[in-house]
There are 2 protein chains.
Amino acid sequence: MLADMPRRSAADVADSRASAVEAAVDLASVEGLEGITIGRLAGELAMSKSGLIGRFGDKEAMQRAVLAAAVERFTDAVWRPAARSAPGLPRLEAVVDAWIGHLRDGVFPGGCFVTTASVEYDARPGPLHDDVAEAVSRWLGVLEAEARRAREAGDLPPGRDPADVAFELHSLASGGSVAGRLTGDAAALDRTRAAMRRAIGLPAG
Amino acid sequence: MLADMPRRSAADVADSRASAVEAAVDLASVEGLEGITIGRLAGELAMSKSGLIGRFGDKEAMQRAVLAAAVERFTDAVWRPAARSAPGLPRLEAVVDAWIGHLRDGVFPGGCFVTTASVEYDARPGPLHDDVAEAVSRWLGVLEAEARRAREAGDLPPGRDPADVAFELHSLASGGSVAGRLTGDAAALDRTRAAMRRAIGLPAG
DNA sequence: AGTTATACAGAACGATCGTTCGTTCGGTAT
DNA sequence: ATACCGAACGAACGATCGTTCTGTATAACT
């Protein structure tokens, strides 16, 4: 017997909390993690403020859960598909395509969630800063490892620092997504994709 | 006679309002343009909320004035010094150095102001969105014109689209500044500078 | 000197913020 | 059948939000 199992239907509970978090991810991708309001979110979910926040404890815990869910959504949309490609340069190429694709498909209604969160907390200390920084660092580490494998396979110039490659890919995707969305430049994602491919020595095609 | 001149000492009035705006720029570069609070700002300036907001009319007008001042500060720090270099590639090179330099020097205590504002308003319509978009578009236009001159001088590959170059430079600076600040990567600005130089065909040095 | 306009303080407005209660209700275990 | 847990509610808390109004002191102009 599982002594610490939830007494109530586990599926229902998880669904309720998970759907709240997913709605909050969409809202926060537009308004920012700091722009979330318990009242507004509760209104959209047709539940009471106290009922909503009771699931998390306090607002900060909710924000952290929302961030974690957004990272998960990004991983599902970008990393998981790309990880099916062969390690090294092919996988980096697939990452670029999935990355651009998830921006084009509107996986986050307000643009790249992690970028929004990065800007919100890059100059403000606290647990959320640390969470965002940890997520970005981990992603950069993944990219760097892949770039290193590509270099070892001879698919990148030997002088090219894998950490530089990772950082450049991230900067391009992050900055390009914001600028394109802001100015309404329809070609922005194409420009970004071409620049990212250039960064890993691939033809623009 | 100047019929519509301010009745009060024009210099004093301008100073008072200007210093409020400058303080607000510093605050907003950390907390965001949306994170500014009339109460907080008034407290820092040791004046009343009503006295402060009376200078602008309402909060949105104040935010627009703050944004305009931040753009001016960026122009002073980045464009004006670089514009002394010869048009084309030399000027682009100077822009890169001034751009990185203003980030390194902490011209904005919370990182690049326009990037913060871009993220805040890239998914939210309104006058502030339009102001930010206009500022970014103008800056991209300046970069593009310079890239075009560089290409005409034969300092850039003929196949390279000047708009692509401008967009890539902006993406790198914007995204790199945020990621570096967030993760505390001391080498981030160097990486960004190297990537920006690569984007205009210059050696990393 | 008298008049006028302005800058600012102070107080108050309704709204909303995040949080904390006490209560109710449905489901599970004993 | 009883006890209990957890989810969710409605109501209220003090704090703060942006805004408005009123009074006043001061500077500028006649």
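Any value given below was found using the heavy atoms of this structure, including those in side chains, with hydrogens, waters and symmetry copies removed. The chains referred to below are lettered A, B, ... by the order of the sequence lines, with proteins before strands, and numbering in each begins at 1.
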Charged N to carboxylate O under 4.0 angstrom, A:E146 versus A:R151?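 Salt bridge absent between A:E146 and A:R151.
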Answer yes when B:E144 and B:R148 have at least one side-chain N-carboxylate O distance shorter than 4.0 Å, and no when they do not.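 So B:E144 pairs with B:R148 through a salt bridge.
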Choosing from [options], which nucleotide comes nearest the side chain of [X]?
X	options	value
A:S50	D:dA11, C:dC17, C:dC8	D:dA11
B:I53	D:dG10, D:dT19, C:dT20	D:dT19
A:K59	D:dG10, C:dT19, C:dA12	C:dT19

Do the side-chain N or O atoms of A:T37 get closer than 4.0 angstrom to the phosphate oxygens (OP1, OP2) of C:dC17?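 True: A:T37 side-chain N/O within range (under 4.0 Å) of C:dC17 OP1/OP2.
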Would you tell me if any nitrogen or oxygen in the side chain of A:R55 comes within less than 4.0 Å of OP1 or OP2 on D:dA8?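 So the side chain of A:R55 is within the cut-off, an N or O lying under 4.0 Å from OP1 or OP2 of D:dA8.
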List the steps, then state whether salt bridge (charged side-chain N to carboxylate O under 4.0 Å, His left out) holds for B:D155 with B:R149. CA-CA 9 Å; B:D155 290 333; B:R149 254 168 261 169; over 6 Å; no
Do A:W99 and A:W139 make the cut of ring centroids closer than 6.0 angstrom? yes
In whole angstroms, how far is the [atom2] atom of [N] from the [atom1] atom of [X]?
X	N	atom1	atom2	answer
B:L41	D:dT16	CG	P	16 Å
B:L52	C:dA9	CG	C1'	13 Å
A:D58	C:dT20	CG	P	8 Å
A:E60	C:dT19	CD	C1'	14 Å
A:F56	D:dG6	CZ	P	17 Å
A:M47	D:dA8	CE	P	5 Å
B:R40	C:dC17	CZ	P	18 Å
B:M62	D:dG18	CE	P	8 Å

Check every strand shown and say whether A:L45 touches a base, only sugar-phosphate, or nothing at a heavy-atom separation below 4.0 Å. nothing
A:R91 versus A:W79: any side-chain heavy-atom pair under 4.5 Å? yes
